[in-house]
Amino acid sequence: GRYFLGKGSNKAVNKTKISTVVKNKPTKADAKSSAEVFEKVNKSVVFITVYNEKNAQSRGVASGVIYSSDGYILTCDHIYSQISSPKFSITLYDGSVYDAKFIAGDTRSDLAVLKIDAKNLSAATFGNSNENVVGETAYAVGYPCGFSDGASITSGIISANNRRISSSTTSYSTTFTQIDSPINPGNLGGALANCYGQIIGITSSKIAGSEYEGLGFAIPSVNATSIADSLIKNGYVKGRPKLGITYTMIDTVSSKLTGMPTGLCLSEISTDSGLYGKNIAKGSIITYVNGTKITGSSVILDIIDNSKAGDEVTVTVYDTTTKDSKDYKVKLIEDKGSSSFTEESSANSSSDDGNDIFGND
């Protein structure tokens, strides 16, 4: 199974402007040894204990990355998904311990922001994940297996960029950096660093099982910093777009077997979608987006991911009854998302059903 340990939303209570500069990659001469990378990154990685005050058995551990010197910390949204009314204890590299408050989280990106009351912290230096090269060395730094007495480092390589996978707790499909660096329980939410000691990702998940090896995933730093800024300023991911549909993908093999064209077979159109009210029958198939044939979900998902709410796209819809196709110009709507954080019993929480426009590949 996947290592996603994992609705509701929570508005940010702090409007402090966070300015994170994603820097260009240094030259090869600036490359560091693994020991030097650890020395640089270690002070910016924290140990997180998640617990419920009324249930001593309800607790978990994770890692986090110091985002700003005044106490904002990045981690994963799923770390508290199984714990209702979660509280957070943060242990820094020097052993000092702080209580943290929840600022905001986002299930789709699997990012969350916590805040401790501290100053002059060693904020991480973020690199540009868009410049990652497959085959480059990648280091995972975090606190595995609940070892709060110090972070550890593991190394591997970047196996793939922009790998689109779906969370086990939602139907959303998001692009990640794939790595083969060993990731263990407790590591998630920690740092993925390059050979220059820059943070190029937040470790988020792994595919685990006897038949799998070396399939770890990290949230790219470019996405993580942008989302974190919005979570801090707005309490949600502002301006993120979606089309507002649920669907089943008809791939090339399914197309041959059914005689239907490849594309997204519509099962539901949300009432706020630009396609709603256009008399599009259930079972119709979106076959093209902006003139590009949809041979896989990633075709349209990549276009959506590179857009913003309010942008217009043209989709071609094939009616399976009349065999006619029609173009529709549609404005993308805002996907504010939600968080796994809840003050209620986790038994009462739920996740979205079906595949939204960020659904399964």
Side-chain angles (χ1 to χ4, degrees), residues 4 6-9 77 81 106-110 164-175 236-237 239-255 257-290 292-340 348-361:
F4 288 94
K7 239 157 173 242
S9 62
D77 181 74
S81 62
D106 179 62
T107 303
R108 188 186 148 238
S109 64
D110 195 27
R164 190 173 287 281
I165 64 171
S166 297
S167 163
S168 64
T169 56
T170 74
S171 61
Y172 291 145
S173 172
T174 308
T175 55
Y236 65 95
V237 184
R240 181 174 56 191
K242 66 177 180 178
L243 188 52
I245 63 171
T246 57
Y247 66 88
T248 301
M249 181 64 212
I250 300 177
D251 58 19
T252 52
V253 173
S254 298
S255 177
L257 294 175
T258 63
M260 297 294 182
T262 60
L264 312 180
C265 183
L266 298 172
S267 57
E268 185 177 349
I269 300 174
S270 63
T271 56
D272 56 348
S273 170
L275 287 173
Y276 185 77
K278 296 185 181 297
N279 296 318
I280 298 174
K282 182 177 180 180
S284 295
I285 303 168
I286 297 179
T287 54
Y288 290 82
V289 57
N290 291 346
T292 301
K293 186 176 182 180
I294 299 177
T295 55
S297 296
S298 60
V299 173
I300 190 168
L301 295 175
D302 288 346
I303 291 175
I304 299 298
D305 281 354
N306 289 310
S307 304
K308 61 182 182 295
D311 285 353
E312 190 175 74
V313 296
T314 299
V315 296
T316 302
V317 179
Y318 173 80
D319 190 311
T320 56
T321 301
T322 65
K323 313 299 183 185
D324 292 329
S325 293
K326 184 176 180 180
D327 289 342
Y328 297 90
K329 290 187 180 297
V330 185
K331 282 189 176 182
L332 301 175
I333 57 177
E334 187 173 46
D335 176 17
K336 291 186 176 181
S338 61
S339 174
S340 299
N348 294 327
S349 64
S350 62
S351 59
D352 291 338
D353 294 325
N355 298 327
D356 202 321
I357 194 57
F358 295 99
N360 289 323
D361 207 355

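This chain uses plain numbering: 1 for the first residue, then up along the sequence.
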State, with a plain yes or no, whether a side-chain heavy atom of [X] is found less than 4.5 Å away from one of [Y].
X    : Y    : result
L264 : M249 : yes
D106 : R240 : yes
K326 : D319 : no
L332 : L243 : yes
I300 : V313 : no
L266 : I286 : yes

Trace of the side chain to side chain contact (heavy atoms under 4.5 Å, CB included) decision for T320 with I285: CA-CA 7 Å; T320 56; I285 303 168; 3.9 Å; yes
Kindly say whether [Y] contributes a backbone atom to a donor-acceptor pair with the side chain of [X] at under 3.5 angstrom?
X    : Y    : result
S255 : M260 : yes
D110 : D77  : yes
T107 : S338 : yes
E268 : I245 : no
T174 : R108 : yes
S273 : S270 : no

Rounded at 0.5 Å granularity, tell me how far CG in L275 sits from CD1 in I269. 5.0 Å
At what distance, to the nearest 0.5 angstrom, does CD1 of I280 lie from OH of Y318? 15.0 Å
Check the pair T316 / T287 against side chain to side chain donor-acceptor pair (under 3.5 Å), numbers first and verdict last. CA-CA 6 Å; T316 302; T287 54; 5.0 Å; no
Polar side chain donor-acceptor pair, T262 to T252, under 3.5 angstrom: no
Where G239 and E334 come nearest, the two heavy atoms and their spacing: N-OE2, 2.6 Å
Correct closest heavy-atom pair for C265 and G283 would be SG-O, 3.6 Å
